[in-house]
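In this chain, numbering begins with 1 at the start of the sequence shown. Each ligand, and each atom within it, is numbered from 1 in the order the structure gives. Keep in mind that this is a model prediction, so the values were computed, not measured.
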Amino acid sequence: MKIAIDGPVGAGKSTISDAVARELGILHLDTGAMYRAVGLTCLRRGINTHDEAAVTALCQDLRVDVEYADGAQRTLADGEDLTGLIRTQEVSDAASLVGTYGGVRAAMVKAQQRLAATQNMLMDGRDIGTVVLPDADVKIFLTASAEERARRRWQEMRDKGEDADYDAVLAALRERDAQDMGRAVDPLRCAEDAVTVDTTHLSFDESVSAILNIIRERTATRL
Ligand code: DC
């Protein structure tokens with residue numbers, strides 16, 4: 001079984017995908033983590049993320065792997081586990097930028113397709129239904145309004161005790177959307193055969209149920 005979940009930043013893809021995959025008993029590959037691993041490696045090695053040739057050259061040699069411990073994904077670069085280091089804003093910005101480079105995307109897509117070739121998998125990202133798994137059994141486009149996605153992010157930051165300004169969070173999110181949807185190579189878009197799930201007015205549990213229902217409906221009619 002191959003399930004593709006795509007959507008913009010802040011739609012809750014990772015956490016919702018994780019819950020859906022656990023319910024289905026299949027592995028979840030968070031492909032954003034792989035772009036984050038490339039971004040972090042650039043920062044650590046002093047490679048300018050604006051230098052496409054240098055970042056592309058890095059990706060020709062860099063081994064980005066994933067492993068699973070108790071069903072949870074660990075993301076590695078050249079054998080080093082970077083899982084705990086890739087969730088910062090700096091890494092997020094670097095990931096979004098390096099993800100605009102064709103050479104980086106080609107390397108990541110190849111690694112992702114290799115992982116999906118041998119096992120059932122639910123993948124989340126920006127180009128899964130359109131590029132990585134064009135033959136996926138079910139494709140979901142998970143979205144929510146920009147204002148609601150920014151509100152959730154703002155709330156998350158406040159809950160962590162961070163001093164967050166809603167307007168700044170919304171502006172950063174719109175910028176990220178523009179970068180992910182406007183890039184020349186494999187921009188984020190809804191695959192023609194994807195089902196859109198808009199979580200603006202759904203709770204986390206409702207979002208998970210909605211997706212599970214779509215997957216069960218679609219896969220049942222195929223059997
Ligand atoms: O899903 P995320 O926020 O962890 O992804 C980080 C960045 O990586 C995001 O801004 C766009 C990029 N990305 C991508 O280009 N293609 C993917 N399949 C997944 C992520």
Side-chain angles (χ1 to χ4, degrees), residues 2-21 27-43 49-50 52 55-56 58-59 62 64 66 72-77 82-116 121-134 136 139-144 146 149-150 152-153 156-157 169 171-191 194 199:
K2 310 279 179 241
I3 312 285
I5 300 189
D6 291 298
V9 66
K13 282 193 311 290
S14 287
T15 42
I16 291 173
S17 294
D18 219 49
V20 171
L27 291 177
H28 164 216
L29 179 67
D30 167 4
T31 60
M34 299 172 74
Y35 290 90
R36 287 170 182 266
V38 174
L40 175 59
T41 303
C42 289
L43 298 175
T49 49
H50 291 273
E52 179 169 355
V55 180
T56 303
L58 167 76
C59 278
L62 189 70
V64 178
V66 300
Q73 176 176 330
R74 316 290 309 173
T75 309
L76 298 82
L82 302 181
T83 312
L85 307 171
I86 56 178
R87 297 288 153 198
T88 66
Q89 190 57 48
E90 195 187 11
V91 172
S92 179
D93 293 343
S96 184
L97 182 56
V98 302
T100 63
Y101 303 147
V104 174
R105 305 205 67 78
M108 295 304 113
V109 170
K110 199 167 148 200
Q112 290 153 14
Q113 289 177 333
R114 198 172 345 105
L115 284 160
M121 194 164 257
L122 182 154
M123 266 193 213
D124 86 81
R126 305 289 191 287
D127 58 342
I128 309 305
T130 51
V131 178
V132 181
L133 300 176
K139 298 180 186 179
I140 307 280
F141 192 77
L142 190 66
T143 188
R149 289 184 284 126
R152 290 177 193 165
R153 174 81 189 115
E156 210 177 84
M157 292 167 81
V169 172
L173 184 129
R174 287 195 196 281
E175 199 177 306
R176 177 58 42 84
D177 276 356
Q179 182 140 294
D180 291 349
M181 295 180 200
R183 67 174 173 233
V185 191
D186 305 340
L188 167 66
R189 61 185 176 82
C190 180
T199 70

Engineer: For Asp18, run the side-chain hydrogen bond (donor to acceptor under 3.5 Å, both in side chains) check against His28, Gln73, Lys13 and tell me which one passes.
Structural biologist: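 Of the listed options, the one satisfying the test is His28.
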
Engineer: Could you see which bit of Met34 sits under 4.0 Å from ligand 1, with heavy atoms only: side chain, backbone, both or neither?
Structural biologist: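 Near ligand 1, Met34 shows nothing, with every heavy atom at 4.0 Å or more.
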
Engineer: Return the closest protein heavy atom for atom 4 (O) of ligand 1 as residue, atom name and distance.
Structural biologist: Arg36 NE, 2.6 Å

Engineer: Heavy-atom contacts with Arg176 under 4.0 Å: which atoms of ligand 1 show up? List them by number with element.
Structural biologist: 10 (O)

Engineer: Of all the non-hydrogen atoms in the protein, which one sits nearest to atom 16 (N) of ligand 1, and at what distance?
Structural biologist: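 Result for atom 16 (N) of ligand 1: Arg105 NH2, 3.0 Å.
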
Engineer: Going through the distances and angles, do Val185 and Thr100 end up as a side chain to side chain contact (heavy atoms under 4.5 Å, CB included)?
Structural biologist: CA-CA 6 Å; Val185 191; Thr100 63; over 6 Å; no

Engineer: Check each heavy atom of Asp180 against ligand 1 and say whether those closer than 4.0 Å belong to the side chain, the backbone, both or neither.
Structural biologist: side chain

Engineer: Around atom 13 (N) of ligand 1, find the nearest protein heavy atom and jot down its residue, atom name and distance.
Structural biologist: Tyr35 CD1, 3.7 Å

Engineer: Does only the side chain of Met123 get under 4.0 Å from ligand 1, or the backbone, or both, or neither? Count heavy atoms.
Structural biologist: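 Neither; nothing of Met123 gets under 4.0 Å from ligand 1.
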
Engineer: Judged by non-hydrogen atoms, does Gln179 sit under 4.0 Å from ligand 1?
Structural biologist: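 So Gln179 does not count as touching ligand 1.
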
Engineer: Tell me whether Asp180 is salt-bridged to Arg126, with the criterion being a basic N under 4.0 Å from an acidic carboxylate O.
Structural biologist: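 Arg126 and Asp180: salt-bridged.
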
Engineer: Any N/O of Asp30 closer than 3.5 Å to an N/O of ligand 1?
Structural biologist: no

Engineer: So how far is it from Arg87 CZ to Leu82 CG, rounded to the nearest 0.5 Å?
Structural biologist: 11.5 Å

Engineer: Which heavy atom of the protein is the closest neighbour of atom 20 (C) of ligand 1, given with residue, atom name and distance?
Structural biologist: Gly32 CA, 3.5 Å

Engineer: So how far is it from Thr83 OG1 to Arg74 CZ, rounded to the nearest 0.5 Å?
Structural biologist: 4.0 Å

Engineer: Considering non-hydrogen atoms of the protein only, which is the closest contact for atom 7 (C) of ligand 1, and what is the distance?
Structural biologist: Ala95 CB, 3.8 Å

Engineer: Check this for me: does any side-chain nitrogen of one of Lys139 and Asp6 sit under 4.0 Å from a carboxylate oxygen of the other?
Structural biologist: no

Engineer: Would you say Arg126 has any N or O atom under 3.5 Å from an N or O of ligand 1, going by distance alone?
Structural biologist: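 Between Arg126 and ligand 1 (N or O atoms, distance only) the closest approach is under 3.5 Å.
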
Engineer: Should Thr31 be counted as touching ligand 1, given the test is an N or O pair under 3.5 Å?
Structural biologist: yes

Engineer: Out of all atoms in ligand 1, which are within 4.0 Å of some heavy atom of Gly125? Include the element for each.
Structural biologist: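 Once the distances to Gly125 are compared, the set is 18 (N), 19 (C).
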
Engineer: Ion pair present between Arg149 and Asp177, side-chain N to carboxylate O less than 4.0 angstrom?
Structural biologist: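 A salt bridge links Arg149 with Asp177.
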
Engineer: First locate atom CG of Leu85, then atom CZ of Arg36, and finally report the distance between them rounded to the nearest 0.5 Å.
Structural biologist: 12.0 Å

Engineer: Do any nitrogen or oxygen atoms of Asp124 lie less than 3.5 angstrom from nitrogen or oxygen atoms of ligand 1?
Structural biologist: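 No - when backbone and side-chain N and O of Asp124 are compared with those of ligand 1, no distance drops under 3.5 Å.
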
Engineer: So do Leu76 and Val66 actually touch side chain to side chain, heavy atoms under 4.5 Å?
Structural biologist: no

Engineer: In the protein, which heavy atom is nearest to atom 18 (N) of ligand 1, and how far is it?
Structural biologist: Asp127 OD1, 2.8 Å

Engineer: State, yes or no, whether a side-chain contact exists between Leu29 and Leu122 at a heavy-atom distance under 4.5 Å.
Structural biologist: no

